[in-house]
Colleague: 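Handing you this structure, nothing more for now.
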Amino acid sequence: MALATTSSHALSCYLHPRRRRRGNVAVSPRSEGGGARRKEEVEIVIVGAGVAGLATAASLRRLGVGATVLEQGASLRAGGTSLTLFKNGWRVLDAIGVADELRAKHLRIQGMKMRSASSPASAAGGVLREFSFEEEAPGQEVRAVERRALLEALASKLPPGAISFSSKVRRVAVAGQQQGPGGATELELEDGRRIVAKVVVGCDGVNSPIARWMGFSEPRYVGHMAFRGLARYDGDGGQPFEAKVNYIYGRGMRAGFVPVSPTRVYWFICFNRPSPGPKITDPAALKREALELVRGWPEDLLAVMRDTPDDAVVRTPLVDRWLWPVLAPPASRGGVVLAGDAWHPMTPNLGQGACCALEDAVVLARRLATAAASEGGEASSYGEAMRAYERERWGRVFPLTARAGLVGALVQWGNPAVCAARDGVVIPRLVRLGPFLEHTNFDCGLLEPSAAAAAPSP
């Protein structure tokens, strides 16, 4: 999860490209007045070089359509730990053409072990249930992928100049006076540049300024926080764990770890807290707090945490946004559309946040590419494409967001009687892995250019 890795240093050649692409045609930005406030006209702009943004750009590229990606950072994001991708996510990566590169670097997870925090790892009573994916969910593919490796693989499918780093959006406005689907959108960047685009795709994450501009509420804090870390075993022998997901349940808290590669192990702790509290910037303090939370828990979890560099530990609040029918704003407004966490942030309880962002990318790219090939990419065609994308995706992401939130609320209960029922009855006797993972059977389909999109530009 053979990656021909393009490092962040090598990708710095994308910084502030001089030429943009319109559909299949490279076009030079148009400057107005010759001053510092340049105005560039492009066809499609994607805000955010995260999973959703890069996957959308790579999908469009595969369909013969160019796009400019704006990333506020100076390079691809090196932070974060890993993302667990299920079968539906791997189907998307296959469609984009990067799956095999990532598979060569990341372990395929064979099963899952569920334990109680009240018993040591060596005690037989500590294991509540053990699953084999092959037996319980045949055909399932689960791998934990380093976030940075995923971003680099997606970026490697884009041409030089496709990503503009250090490009933070300051303001979004409708260009001219037209507010409907025929109006272009103007982005003003912090460095003074102005970009006018027929289509703006907001992939700028959970706290998306684009989503706020479109009228979406702030994501809702669900009452749980999460520590995440990535342990490193770079010495002889590598990491010592079998390729299984290890879940450990306590009262109002759960933790787990899963091997990512021969030298990396991802771990997490999810715990209840009424409010997120103050932000901690000292990495060593974060790691100490995480270890204190699970003091007395199984030793293998603690060993993984101790083998994690301080700078590889993060703590984040868990949030979501339920897209209630009628109440939630539409996913598109004029020439602006949202994808990934910017539209539907969800808690990680089903492991579907990144998978759904990847699905969004393929579905949206396919719609936009069809619009670009019809009538020369008229704004009205793009508007209908974005509305069709929302209709196709809403029925998928709203139920998953709600289900992830409800699952998290149930497993985070701290009531002793509820936890006893969970450990004694629900997990050992009632949980069935196949039905629980039914949502991972979604198939995004292939990315095949239409005849018009694949034709060379005049």
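Residue numbers count from 1 along this sequence. Model, not experiment: these values are computed from the prediction.
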Colleague: Please walk me through it: do Q72 and D204 pass side chain to side chain contact (heavy atoms under 4.5 Å, CB included)?
Modeller: CA-CA 9 Å; Q72 66 178 354; D204 46 344; over 6 Å; no
Colleague: Does some side-chain heavy atom of R170 sit less than 4.5 Å from a side-chain heavy atom of P209?
Modeller: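 No - every pair of side-chain heavy atoms lies 4.5 Å or more apart.
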Colleague: Which heavy atom of S374 sits nearest to which heavy atom of S381, and what is that distance?
Modeller: OG-OG, 3.6 Å
Colleague: Could you check L107, L230, V145 and say which one makes a side chain to side chain contact (heavy atoms under 4.5 Å, CB included) with V260?
Modeller: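 Going through the options one by one, the only one that passes is L230.
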Colleague: With no hydrogens and no angle check, is any side-chain donor or acceptor of R321 less than 3.5 Å from a backbone partner on A328?
Modeller: no
Colleague: Could you tell me whether E188 and R194 make a salt bridge, using a distance below 4.0 angstrom between a side-chain N and a carboxylate O?
Modeller: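 Answer for the salt bridge query: no.
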Colleague: Kindly say whether A404 contributes a backbone atom to a donor-acceptor pair with the side chain of T347 at under 3.5 angstrom?
Modeller: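 Here the side-chain-to-backbone pair exists.
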Colleague: Judged by atom type as modelled, is there a donor-acceptor pair below 3.5 Å linking the side chain of R367 to the main-chain atoms of A385?
Modeller: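 Such a contact is absent between R367 side chain and A385 backbone.
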Colleague: Quick check against the 3.5 Å criterion: does R91 have a side-chain atom that pairs as donor or acceptor with the backbone of F442?
Modeller: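 Present.
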Colleague: Please name the pair of heavy atoms, one in F216 and one in L338, separated by the smallest distance, quoted to 0.1 Å.
Modeller: CE1-CD1, 3.5 Å
Colleague: Assess whether a salt bridge exists between R288 and E292, defined as any Lys/Arg side-chain N lying under 4.0 Å from an Asp/Glu carboxylate O.
Modeller: no
Colleague: Answer yes or no: is there an ion pair linking D100 with R103, defined by an N-O contact shorter than 4.0 Å?
Modeller: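 Counted as a salt bridge, because a side-chain N and a carboxylate O are separated by less than 4.0 Å.
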Colleague: Are the side chains of V258 and V142 in touch, meaning some heavy atoms are under 4.5 Å apart?
Modeller: no
Colleague: Given the ring of W90, does R143 sit roughly above its face, with NZ or CZ under 6.0 Å from the centre of the six-membered ring and within 45° of the axis?
Modeller: yes
Colleague: Taking side-chain hydrogen bond (donor to acceptor under 3.5 Å, both in side chains) as the definition, give me every residue that meets it alongside R403, ordered by chain and number, with sequence neighbours left out.
Modeller: H439
Colleague: Hey, can you tell me if F271 and F227 have their rings parallel, tilted or perpendicular (30° and 60° cut-offs)?
Modeller: parallel
Colleague: Where do P259 and A243 come nearest, in terms of heavy atoms and distance?
Modeller: CG-CA, 4.1 Å
Colleague: Report the residue from Y266, Y247, F241 that forms a side chain to side chain contact (heavy atoms under 4.5 Å, CB included) with F257.
Modeller: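 Only match with F257 under side chain to side chain contact (heavy atoms under 4.5 Å, CB included): F241.
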Colleague: Does R62 use its side chain to pair, donor to acceptor, with the backbone of I96 at less than 3.5 Å?
Modeller: yes
Colleague: Quick one: closest heavy-atom pair of A369 and L60, and the distance?
Modeller: N-CD2, 4.4 Å
Colleague: Could you walk me through whether R264 and Q239 satisfy the side chain to side chain donor-acceptor pair (under 3.5 Å) test, starting with their C-alpha distance in whole Å, then the side-chain angles of each, then the deciding distance to 0.1 Å, before giving a yes or no?
Modeller: CA-CA 7 Å; R264 299 289 185 270; Q239 59 87 7; over 6 Å; no
Colleague: At their closest point, which heavy atom of G50 faces which heavy atom of R77, and how far apart are they?
Modeller: N-NH2, 3.4 Å
Colleague: Between L158 and L54, does the side chain to side chain contact (heavy atoms under 4.5 Å, CB included) criterion hold? Intermediate values first, please.
Modeller: CA-CA 9 Å; L158 304 179; L54 292 178; 4.0 Å; yes
Colleague: Using a 3.5 Å distance criterion without hydrogens, assess whether the side chain of K287 forms a donor-acceptor pair with backbone atoms of T308.
Modeller: yes
Colleague: Return the set of residues passing ring pair (Phe, Tyr, Trp, His ring centres under 6.0 Å) with F86 (not counting sequence neighbours), or none when no residue passes.
Modeller: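 For F86, no residue satisfies ring pair (Phe, Tyr, Trp, His ring centres under 6.0 Å) once neighbours in sequence are set aside.
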Colleague: Run E146 and S261 through side chain to side chain donor-acceptor pair (under 3.5 Å) and show every step you take.
Modeller: CA-CA 9 Å; E146 286 192 66; S261 69; 4.8 Å; no
Colleague: Does E71 reach the main-chain N or O of A49 with its side chain, forming a donor-acceptor pair under 3.5 Å?
Modeller: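 Looks like yes, one N/O pair under 3.5 Å.
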Colleague: Identify every side-chain donor-acceptor pair in residues 354-361 under 3.5 Å, counting partners at least two apart or on other chains, and give the distances.
Modeller:
from : atom 1 : to   : atom 2 : distance (Å)
E359 : OE1    : R393 : NH1    : 3.0
E359 : OE1    : R393 : NH2    : 2.9
E359 : OE1    : R396 : NE     : 3.0
E359 : OE2    : N88  : ND2    : 2.7
E359 : OE2    : R396 : NH2    : 2.9
D360 : OD1    : R393 : NE     : 2.6
D360 : OD1    : R393 : NH2    : 3.1
D360 : OD2    : G340 : N      : 2.9
D360 : OD2    : H344 : NE2    : 2.5

Colleague: Could you go through T81 and R147, starting from their C-alpha distance and side-chain angles, then the distance that decides it, and tell me whether this counts as side chain to side chain donor-acceptor pair (under 3.5 Å)?
Modeller: CA-CA 6 Å; T81 52; R147 179 185 293 271; over 6 Å; no
Colleague: With side chain to side chain contact (heavy atoms under 4.5 Å, CB included) as the criterion, how do H224 and R273 come out once you've worked through the C-alpha distance, each side chain's angles and the decisive distance to 0.1 Å?
Modeller: CA-CA 6 Å; H224 319 315; R273 179 177 248 173; over 6 Å; no
Colleague: Using modelled atom types and a 3.5 Å cut-off, is there a donor and acceptor pairing between side-chain atoms of E390 and backbone atoms of A331?
Modeller: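 Indeed, once roles are kept as given, a pair shorter than 3.5 Å links the two residues.
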Colleague: For S332 and R387, work out which heavy atoms get closest and say how close.
Modeller: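 Heavy atoms of S332 and R387 come nearest at OG-CG, 4.1 Å.
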Colleague: Could you walk me through whether R333 and W213 pass the side chain to side chain contact (heavy atoms under 4.5 Å, CB included) test, one step at a time?
Modeller: CA-CA 10 Å; R333 171 183 168 189; W213 176 80; 3.9 Å; yes
Colleague: Are the side chain of K157 and the backbone of A57 linked by a donor-acceptor contact shorter than 3.5 Å?
Modeller: no
Colleague: With a 6.0 Å cut-off on the ring centroids, do Y389 and W394 count as close?
Modeller: no
Colleague: Do side-chain atoms of D341 reach the backbone of G205 as a donor and acceptor pair under 3.5 angstrom?
Modeller: no
Colleague: With a 4.0 Å cut-off, would you call R193 and D191 a salt bridge?
Modeller: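 Looking at D191 together with R193, the answer is yes, because their closest N to O distance falls below 4.0 Å.
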